[in-house]
Amino acid sequence: MEEVFIDFYREKDEQAFLDMWQSAHGKLSDDEIDALYEEIADAIDAAVKEGSHELGSVFEYKGITVGKSDFNTFYALYIFEQEN
């Protein structure tokens, strides 16, 4: 299985997600954030492949909005952007 990653379109998009996540689930260390991002990458990749998530739609993970999704095939990277 190809390893996939996530990133955020803008730093403020990532901060908005982290603020919501930590408000609901508690503060995270840098290592815990990395592990969370790996979990999100696996979750969105599986959802896209099984057809339960369509790119361009808002993706939620464990009840927290990650953002509107896109995918960069060259880098195998899911990109998230805050909903306007």
Side-chain angles (χ1 to χ4, degrees):
M1 181 170 134
E2 181 182 8
E3 189 171 12
V4 293
F5 302 93
I6 69 166
D7 200 357
F8 291 84
Y9 185 69
R10 295 175 295 246
E11 188 175 315
K12 71 177 187 172
D13 297 336
E14 181 176 12
Q15 192 59 54
F17 165 72
L18 284 173
D19 289 348
M20 287 186 293
W21 182 270
Q22 293 182 108
S23 176
H25 298 283
K27 195 135 176 79
L28 299 173
S29 69
D30 287 344
D31 289 340
E32 291 169 325
I33 291 171
D34 291 343
L36 173 62
Y37 288 178
E38 288 176 24
E39 291 173 23
I40 293 169
D42 291 342
I44 190 171
D45 194 51
V48 167
K49 287 178 179 172
E50 70 187 21
S52 62
H53 178 75
E54 187 174 317
L55 294 175
S57 301
V58 173
F59 185 73
E60 289 188 6
Y61 184 71
K62 296 187 178 181
I64 305 297
T65 299
V66 183
K68 191 168 83 171
S69 65
D70 198 358
F71 186 72
N72 179 308
T73 54
F74 184 77
Y75 292 106
L77 180 70
Y78 286 96
I79 303 167
F80 295 99
E81 179 177 19
Q82 266 187 323
E83 220 180 345
N84 292 335

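What's counted below: heavy atoms across the whole structure, side chains too, no hydrogens, waters or symmetry copies. Positions are given from 1, in the same order as the sequence printed here. Being a predicted model, the structure only gives us computed values, none of them experimental.
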Self-check item: Co-membership, hydrophobic cluster, residues Y75 and F80, 4.5 Å side-chain
Solution: no

Quiz item: Should L18 and M20 be counted in the same cluster of Ile, Leu, Val, Met, Phe, Trp and Tyr side chains packed under 4.5 Å apart?
Solution: yes

Quiz item: Got a donor-acceptor contact below 3.5 angstrom from the E81 side chain to the D13 backbone?
Solution: no

Exercise. Locate the shortest heavy-atom distance separating E60 from T65; write the atom from each residue and the value.
Key: OE2-OG1, 3.6 Å

Exercise. Report yes if some heavy atom in the side chain of F8 is under 4.5 Å from a heavy atom in the side chain of Q82; otherwise report no.
Key: no

Quiz item: How long is the span from the NZ atom in K27 to the CD atom in E32, to the nearest 0.5 Å?
Solution: 10.5 Å

Self-check item: Closest approach of W21 to Y61 (non-hydrogen atoms, all atoms of both residues)
Solution: CZ3-O, 3.6 Å

Quiz item: So if you build clusters from Ile, Leu, Val, Met, Phe, Trp, Tyr with side-chain heavy-atom gaps below 4.5 Å, do I44 and I33 land together?
Solution: yes

Practice problem: Answer yes if I79 and I64 sit in the same cluster of Ile, Leu, Val, Met, Phe, Trp and Tyr residues linked by side chain heavy atoms under 4.5 Å apart, and no otherwise. | Solution: no

Quiz item: Going from CG on D70 to CG on L77, what distance comes out if it is rounded to the nearest 0.5 angstrom?
Solution: 9.5 Å

Quiz item: Shortest non-hydrogen contact from S69 to E54?
Solution: OG-O, 4.0 Å

Practice problem: To the nearest 0.5 angstrom, please state how far the CG atom of D19 sits from the NZ atom of K12. | Solution: 13.0 Å

Quiz prompt | Heavy-atom pair of closest approach, residues V48 and L55 | solution = CG2-CD2, 4.1 Å

Exercise. Check whether Y9 and Y37 end up in the same hydrophobic cluster, where Ile, Leu, Val, Met, Phe, Trp and Tyr are linked by side-chain heavy atoms less than 4.5 Å apart.
Key: no

Exercise. Could you point out which residue of Y78, F5, F17 forms a side chain to side chain contact (heavy atoms under 4.5 Å, CB included) with I40?
Key: F17

